[in-house]
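These numbers come from the heavy atoms of this one structure, side chains and all, not from hydrogens, waters or symmetry mates. In what follows, every chain begins at residue 1, and chains take the letters A, B, ... in the order their sequences are listed. Computed from a predicted model, the values in this text were never measured in an experiment.
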Amino acid sequence: MTDTTADTATPDIATTDAAAFHSPVIDWFDEHARDLPWRRPEAGAWGVMVSEFMLQQTPVSRVLPVYEQWMARWPRPADLAADAPGEAVRAWGRLGYPRRALRLHGAAQAIAERHGGDVPRDHGQLLSLPGIGEYTAAAVASFAYGQRHAVLDTNVRRVFARAASGVQYPPTATTASERRLARTLLPDDEATAARWAAASMELGALLCTSKNEDCSRCPIASRCAWRLAGKPAHEGPARRGQTYAGTDRQVRGKLLAVLREAVAPVEQSALDAVWHEPVQRARALDGLVADGLVEPLGNGVYRLPLS
DNA sequence: CATCCGTGGTC
DNA sequence: TGACCAAGGAT
């Protein structure tokens, strides 16, 4: 900890201080945790995994109905693997980032073929599946299998930035310093660590939100470094916003919406109708084909992928 | 490491 | 009303 940047200048928190966070946050979680379907025992590891894919960059409220339909239709990985990838894309609906549906289908195939149909328990094996990165591997291992992993999502990063580091927001990209802090804060006991992971995430989702944080109900408000420092505003440039209108992403979304809702293959003219600018429209369609989200049948006819 | 990748709700 | 945000991953 010798550098002096805003990201890493925070001193390491002492282990004794770290332990002081655990019980208040876990007790708060025991009382206030939302009853989400993927947290119920019957969800299993597959349910946890499906929920984690859907929750990547997507709010809980929009995931809930799609999750229920998904699990009813494909209760095990092998069920999804046996169906066409285009059906996964269709069932994904308007959750956004439809490549996640394709990756989830690919992960289900890998699980069916290489793991005997069971979601692997090993972090490294999870990490090797398509669509599973550092966060999701840790989340599945922790939430589904009760293992001890630092689970660093946007909620946890914000809670740690405030409670431990005393700043309003974490850095744009996850830093080594944040990972070190997360490991320091992780309880030694495996079951407690798994509980802590879910609890600290829930705290960020429900109380310690990006804006309008509710310190009055926070179980660690009295120990929160940011609050004790007078809640100083974020220093430095504002993070770049996500522009959307007029981008290729918007065009891709419109094109894929037509294909999702069509039962039969779609003619070029139906796709041309969604966007006025032909160059961008063609680029977007090419991108969808390159990503495997759309299958060209020739003669300007397209459909969702059958394989 | 910055950028791309959807969608809809909120203040 | 437009900018910001929501349980990230791949390149």
Residues which pass side chain to side chain contact (heavy atoms under 4.5 Å, CB included) with A/Ala139, listed by chain and number, not counting sequence neighbours
A/Glu52, A/Tyr135, A/Phe143, A/Val151
Rounding to an integer number of Å, can you tell me how far A/Asn212 CG sits from B/dC11 C1'?
8 Å
Are A/Leu185 and A/Tyr169 linked, directly or through other ILVMFWY residues, by side chains that come within less than 4.5 angstrom of each other?
no
My understanding is that only residues two or more places apart in sequence, or in another chain, count here; which of them pass salt bridge (Lys or Arg N to Asp or Glu O under 4.0 Å) with A/Arg217?
A/Asp214
Sorted by number, residues from residues 53-72 of chain A placing a heavy atom under 4.0 Å from DNA chain B are A/Gln57, A/Thr58, A/Arg62
A/Pro219 and side-chain contact (heavy atoms from CB on, under 4.5 Å): which partner among A/Ser23, A/Pro24, A/Cys224?
A/Pro24
Side-chain hydrophobic cluster, 4.5 Å single linkage: members besides A/Val266:
A/Val89, A/Leu102, A/Val251, A/Leu255, A/Leu256, A/Val258, A/Leu259, A/Leu271, A/Val274, A/Trp275, A/Leu285, A/Leu288, A/Val289, A/Leu293, A/Val294, A/Tyr302, A/Leu304
Would you say B/dG6 has OP1 or OP2 under 4.0 Å from some side-chain N or O of A/Arg252?
yes
With P as the reference atom in both, quote the distance from C/dT1 to B/dG6 in angstrom, rounded to an integer.
28 Å
Out of curiosity, A/Glu202 CD to A/Ile26 CD1, how far, rounded to the nearest 0.5 Å?
13.5 Å
Enumerate the residues from residues 33-44 of chain A whose closest heavy atom to DNA chain C is under 4.0 Å, giving them by residue number; use none for an empty result.
A/Arg34, A/Leu36, A/Trp38, A/Arg39
Which residues within residues 258-284 of chain A lie with some heavy atom under 4.0 Å of an atom in DNA chain C?
none
Comparing nearest nucleotides in DNA chain C, the 5'-proximal residue of the pair A/Ser51, A/Leu129 is A/Ser51
Other hydrophobic cluster members with A/Tyr97, side-chain heavy atoms of Ile/Leu/Val/Met/Phe/Trp/Tyr under 4.5 Å, chained?
none
Under the salt bridge (Lys or Arg N to Asp or Glu O under 4.0 Å) test, residues paired with A/Arg148 that sit two or more places apart
A/Asp188
Write down the distance between CG (A/Leu104) and C1' (C/dG8), rounded to a whole number of angstrom.
14 Å
In whole angstroms, the gap separating P of C/dG9 from CG of A/Leu127 amounts to 9 Å
Once you round it to whole Å, what is the distance between P of C/dA6 and CD of A/Glu213?
13 Å
side-chain contact (heavy atoms from CB on, under 4.5 Å) with A/Met201: which of A/Leu206, A/Leu152, A/Val156?
A/Val156
Grab the CG-P distance between A/Asp291 and C/dG9 for me, whole Å please.
17 Å
Which of parallel (below 30°), tilted (30 to 60°) and perpendicular (above 60°) describes A/Phe160 and A/Trp196?
parallel
Where do A/Arg121 and A/Gln147 come nearest, in terms of heavy atoms and distance?
O-NE2, 2.8 Å
DNA chain C contacts among residues 133-159 of chain A, heavy-atom distance under 4.0 Å:
A/Gly133, A/Glu134, A/Tyr135, A/Thr136, A/Asp153, A/Thr154, A/Asn155, A/Arg158
Before you tell me yes or no, could you show the steps for A/Arg227 and A/Glu213 under salt bridge (charged side-chain N to carboxylate O under 4.0 Å, His left out), namely the whole-Å CA-CA distance, both residues' side-chain angles and the distance that decides it to 0.1 Å?
CA-CA 11 Å; A/Arg227 180 175 165 278; A/Glu213 70 281 356; over 6 Å; no
So, taking the atom named CD in A/Gln280 and the one named CD in A/Gln250, what distance separates them when rounded to the nearest 0.5 Å?
8.5 Å
Considering residues at least two apart in sequence or located in another chain, which fulfil the side chain to side chain contact (heavy atoms under 4.5 Å, CB included) criterion with A/Val301?
A/Pro265, A/Glu267, A/Leu297
Take atom OH of A/Tyr244 and atom C1' of C/dG2, then tell me their distance rounded to the nearest Å.
16 Å
If we ignore hydrogens and angles and just use 3.5 Å, is the side chain of A/Ser165 paired with the main-chain N or O of A/Arg162 as donor and acceptor?
no
Considering only C/dC5, C/dA7, B/dC11, which nucleotide approaches the side chain of A/Ser210 most closely?
C/dC5
With A/Arg76, which residues qualify under salt bridge (Lys or Arg N to Asp or Glu O under 4.0 Å), at least two apart?
A/Asp79
How far does the P atom of C/dC4 sit from the matching atom of B/dT3, given to the nearest Å?
15 Å
Separation of C/dG8 C1' from A/Glu178 CD (nearest whole Å)
14 Å
Euclidean distance, atom CD1 of residue A/Ile132 to atom C1' of C/dT11 [Å, nearest integer]
18 Å
Here the residues of residues 85-99 of chain A within 4.0 Å heavy-atom distance, strictly under, of DNA chain C are A/Arg99
Just wondering, do A/Arg260 and A/Arg94 contact through their side chains at under 4.5 Å, heavy atoms?
yes
Can you tell me, in whole Å, how much space there is between the P of B/dC11 and that of C/dA7?
15 Å
